Amino acid sequence: MKDILKEMILAAAKAANQCGALPNADFPDVTVELPKTQAHGDYSTNLAMQMAASQKMPPRKIADILLSHLADENRIIAKTEIAGPGFINFFIQPSAWHSLLINILETDTRFGGTNIGKGRKLQVEFVSANPTGPLHVGHGRGAAVGDSVANILSFCGYDVQREYYVNDSGRQIRTLGLSVYLRLRQLMGQTIDFPEDCYQGEYIRDLAREIQKKEGAALEKKPEAEAVENCARFAADSILKGIDKDLIDFGVTFDRWYSEQSLYDSGQVDAVLQEMESKGSVYTKDGAKWFRTTAFGDEKDRVVVRENGLKTYFASDIAYHQEKYQRGFERVIDVWGADHHGYIKRVTAAIEACGRRRDQFHVILVHLVNLSREGVPVAMSTRSGEFVTLQDVVKEVGRDAARFIFLTRHYESPLDFDLELAKKKTNDNPVYYVQYVHARITSIIRKGRAENGIEQIDWDQKSVARLETPEEIDLIKLLGNYPEVVRLSAELMEPHRITYYLMELAAAFHGYYNRHKVLSDDAELTKGRLCLILAVRQVIRNGLKLLGVSAPEKM
RNA sequence: GCGCCUGUAGCUCAGCUGGAUAGAGCAACGGACUUCUAAUCCGUAGGCCAGGGGUUCGAAUCCCUUCAGGCGCGCCA
């Protein structure tokens with residue numbers, strides 16, 4: 001509806017310019033918005049005010065000229081007015097809303113999607129937690145955000161690939177191996193001081209028991225370095241399998257798991273470093289090799305090869321990101337924890353050094369989750385191993401509640417997650433509020449079938465035209481906003497916009513439900529109202545799908 | 001010290017990338033089930049948009065600055 005108006009207004013401006021009423025042919029972008037109050041119409045535009053300077057005319061005069069050149073061929077506008085400093089307000093014909101409703105029903109599962117992606121290839125890399133321990137709640141938020149962003153972009157016409165980068169190389173993996181190895185020796189009766197910088201969690205002991213069962217005796221005979229290496233591989237593999245399972249239970253799957261080690265094995269890390277050295281982006285100082293990230297806006301240059309010859313994590317990250325573009329992605333999106341924000345500049349630098357544009361890379365920084373139970377904070381410490389895993393949370397509150405709550409905030413806002421609140425089946429907990437709409441509507445349709453003998457709801461102008469109460473028109477109008485919400489959440493990569501929209505739509509529906517009865521003796525009106533709630537259900541379903549939350553038939 | 005993020009109702013948060021009189025939920029108070037699911041609805045009350053400057057027809061939104069909180073500033077990942 002908004003887009004139709006936009007085009008009409010632009011056409012009016014052009015027509016006015018052609019007949020000389022408006023001297024300047026340079027028009028600003030037409031913006032149409034939804035006024036806060038009903039008194040200002042269904043839609044309004046500020047175009048006249050924006051053109052005042054370039055046309056050298058008072059805004060209200062311009063508004064008047066625009067209106068006189070407006071051609072409303074499909075008769076969708078009931079009334080227009082010029083208000084305030086120069087706003088043009090539009091009041092829409094009820095019949096136009098009815099056509100919109102039919103359009104929604106026809107578009108069905110595709111309603112809301114705008115093809116802004118045009119098939120362009122894009123990658124979302126998310127979670128990418130180190131395989132040194134189980135996923136915790138913070139990873140859950142990253143998973144929910146990343147998965148939903150991927151859903152939304154894909155729905156809007158992008159060719160999206162979901163990837164998990166596995167840090168299966170480097171010191172932490174050795175530490176993991178050592179941790180398991182030392183626990184193993186303890187199991188074998190040796191007294192060993194377990195170092196503080198090793199992983200403390202109980203799961204390390206579990207892993208030690210497993211590897212003891214499998215190859216305990218053989219491991220004992222091996223030299224320590226080799227045994228630690230074996231433990232590391234075993235532990236990382238096992239933990240990674242657990243992570244995969246946790247994510248599947250959370251409804252998140254990846255197209256590809258990308259191994260950091262494979263970048264070393266294939267020589268890509270060395271190759272990219274050499275290439276950059278020859279271009280002068282990498283230089284040697286104090287026995288180490290540095291990448292000149294300052295040339296791309298970083299505060300200081302960063303080490304890629306240490307004095308001891310070992311490459312830093314950053315070195316493989318350069319190779320990894322370069323490789324992403326070589327795979328044909330036009331744009332790469334990384335979802336990171338907010339504690340990694342200091343890393344953005346250097347990775348951006350690496351990407352620019354590899355000849356890509358800055359805007360081909362985007363980082364979504366997901367802020368931390370404060371877990372609590374009835375307002376009392378639950379302690380979270382990775383080192384001590386005292387943390388609540390994602391698995392625990394999903395088990396306790398359910399997948400839908402967890403995912404929905406993770407998406408009730410802008411990702412850059414810290415999130416308070418209360419376990420007891422997440423379980424509540426009241427208005428405190430918005431998940432059920434939205435899902436309830438879906439169940440309720442399904443129930444009405446079920447009843448309509450059973451008692452009114454309505455087998456199939458097929459829509460037509462005549463029955464839909466019976467929708468005339470303000471609540472009904474408002475509902476349709478709200479449904480009509482959905483595509484813009486989806487488009488914005490795709491452009492800004494902000495899933496929470498959909499969450500909030502669904503809550504608003506749910507509220508509007510519940511209000512309508514309490515005020516008007518859908519099923520009645522009036523067959524035509526019943527049919528019209530069934531069409532309306534069918535459309536509401538469809539939008540709820542489409543929206544929940546983008547969030548990765550189920551739409552239950554019964555509750 | 002430097003960088004990034006946050007600051008909006010008592011609490012938790014939206015605010016459509018500058019629009020008209022600032023929006024929800026919770027908590028508080030008062031109402032609505034013989035009804036298509038009360039996991040719901042209706043009403044009342046609640047504000048110096050952290051403070052101060054600027055930019056313009058117009059600012060919660062953009063710029064500068066101060067204050068408060070979070071996170072980060074390794075040849076760790």
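For clarity, every value in this text was computed on a predicted model and none was experimentally measured. Every chain is numbered from 1 and lettered A, B, ... according to where its sequence line falls, protein lines coming before strand lines.
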Restricting to nitrogen or oxygen on both sides, can you table the protein-nucleotides 25-28 of chain B pairs closer than 3.5 Å?
{"unit_1": "B:C26", "atom_1": "OP1", "unit_2": "A:N427", "atom_2": "ND2", "d": "3.1"}

Less than 3.5 Å between a donor and an acceptor, one on the side chain of [X] and one on the base of [N], is that the case here?
{"X": "A:S44", "N": "B:A20", "result": "yes"}
{"X": "A:H341", "N": "B:C5", "result": "no"}
{"X": "A:N46", "N": "B:G19", "result": "yes"}
{"X": "A:N89", "N": "B:A20", "result": "yes"}

Taking CH2 from A:W290 and C1' from B:C75, how many angstroms apart are they, rounded to a whole number?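 Rounded to the whole Å, the gap is 7 Å.
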Compare the aromatic ring of [X] with the six-membered base ring of [N] and state whether they stack according to the 5.5 Å and 30° rule.
{"X": "A:H410", "N": "B:A14", "result": "no"}
{"X": "A:F87", "N": "B:A20", "result": "yes"}
{"X": "A:H340", "N": "B:A77", "result": "yes"}

Looking only at the side chain of A:Y513 (C-beta and beyond, no hydrogens), which of the listed nucleotides B:C13, B:C36, B:A20 gets closest?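 Of all the options, the side chain of A:Y513 is nearest to B:C36.
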Which part of the nucleic acid does [X] contact within heavy-atom distance under 4.0 Å: base, sugar-phosphate only, or nothing?
{"X": "A:H438", "result": "nothing"}
{"X": "A:Y500", "result": "sugar-phosphate"}
{"X": "A:K300", "result": "sugar-phosphate"}
{"X": "A:K36", "result": "sugar-phosphate"}
{"X": "A:R497", "result": "sugar-phosphate"}
{"X": "A:S443", "result": "base"}
{"X": "A:G84", "result": "nothing"}
{"X": "A:T31", "result": "nothing"}

Could you check whether A:E352 pairs with A:R358 (Lys NZ or Arg NE/NH1/NH2 to Asp/Glu carboxylate O, under 4.0 Å)?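 Judged by the 4.0 Å cut-off on N to carboxylate O distance, A:E352 and A:R358 do form a salt bridge.
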Are A:Y411 and A:F406 near enough that their ring centres are under 6.0 Å apart?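 Judged by ring-centre distance (under 6.0 Å), A:Y411 and A:F406 do not meet the cut-off.
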Ring centroid separation A:Y164 to A:Y258 under 6.0 Å: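 No, too far apart.
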Donor-acceptor pair between A:T37 and A:H40 side chains, under 3.5 angstrom: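 Result is yes, a qualifying pair exists.
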Integer angstrom distance from the C1' of B:A60 to that of B:A14: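 12 Å, rounded to whole Å.
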